[in-house]
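Below is one structure, written out as structure tokens; comments come after it.
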Amino acid sequence: MRRLDQLLSSLGYCSRREAVALVKSGRVKQGGTVLTKADQKVDPHTITFDDEPLEAPDGLLAILHKPAGYICTHDTGEGPTIYELLPDQWLRRNPAVTSVGRLDKDTSGLLLVTDIGSLVHRFTSPKADVEKVYVAEVDRDLDPQLVDTFAKGDLMLRGEEKPCLPANLEIMSARTARLTITEGRYHQVRRMFASQGWHVERLHRERFGPYLLGDLAEGEWGMVEAA
Ligand code: URA
């Protein structure tokens, strides 16, 4: 059970100050009956707002198809941010919605966004062992030898002390390959190719753990179930 005013503001329907007025507006109901007391305790699953169930009362998890050119921070100094692509209501939620890990500004593809702190930890901890699948376009023809080089588990990136864990490379065409990694080091895919003399010209993530981009259009988001 949650206090109605606190529930509405934590789900981003209003600020804490606005909650009393919002409840008085008649838009909040339980079983079709208008609720008017902002401080009453309610079961979040029984409440409607404008006759719709409350949005993700137990925590929100969504996938976003990030376009290249968007940054994964709240800092607007370097161009558009992924948060501009999400509903304002999600950004007013408390805890706020944040991305699970990051993609580089120039990388497109699947980004998870959530307000469930334990999920962020579960998916980003070094022990998480979550498969991330990328499609990379490179600047010159790929060498089949790269498949072994990336698979061996002894690839060292400049400035790092531990080799990258084995990664699966599938060459799709002369200059396109699909790479599956389980780590999430800084610029990892670009640096793995760079270490062997290839420059990644385009990078796109098509899968993150159990989540697939499917036919979600660039810039669009979709709710998913926590796996
Ligand atoms: N590896 C990269 O180099 N960039 C990303 O955005 C993700 C993985």
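What you see is a predicted model; the values in this text were computed from it and never measured. First listed ligand is number 1; within each ligand, the first listed atom is number 1.
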Contact atoms of ligand 1, heavy-atom distance to T107 under 4.0 Å: 4 (N), 5 (C), 6 (O)
May I have the step-by-step check of salt bridge (Lys or Arg N to Asp or Glu O under 4.0 Å) for R175 and E201, ending in yes or no? CA-CA 10 Å; R175 298 186 180 191; E201 298 197 317; 6.0 Å; no
Side chains of L54 and L8: does their closest heavy-atom pair fall under 4.5 Å? yes
Run through R205, H204, R190 and flag the one making a side chain to side chain donor-acceptor pair (under 3.5 Å) with T107. R190
Measure D104 to ligand 1 on non-hydrogen atoms and call it side chain, backbone, both or neither using the 4.0 Å cut-off. both
So, are D39 and K37 salt-bridged, with charged N and O less than 4.0 Å apart? no
Which of the atoms of ligand 1 are close to Y134, meaning less than 4.0 Å from one of its heavy atoms? 7 (C), 8 (C)
Which ligand 1 atoms are under 4.0 Å away from a heavy-atom of L203? 1 (N), 2 (C), 3 (O), 4 (N), 5 (C)
Give a yes or no on whether a salt bridge exists between R178 and E206, defined as a side-chain N under 4.0 angstrom from a carboxylate O. yes
List the closest protein heavy-atom neighbour of atom 1 (N) of ligand 1: residue, atom name, distance to the nearest 0.1 Å. V189 N, 3.1 Å
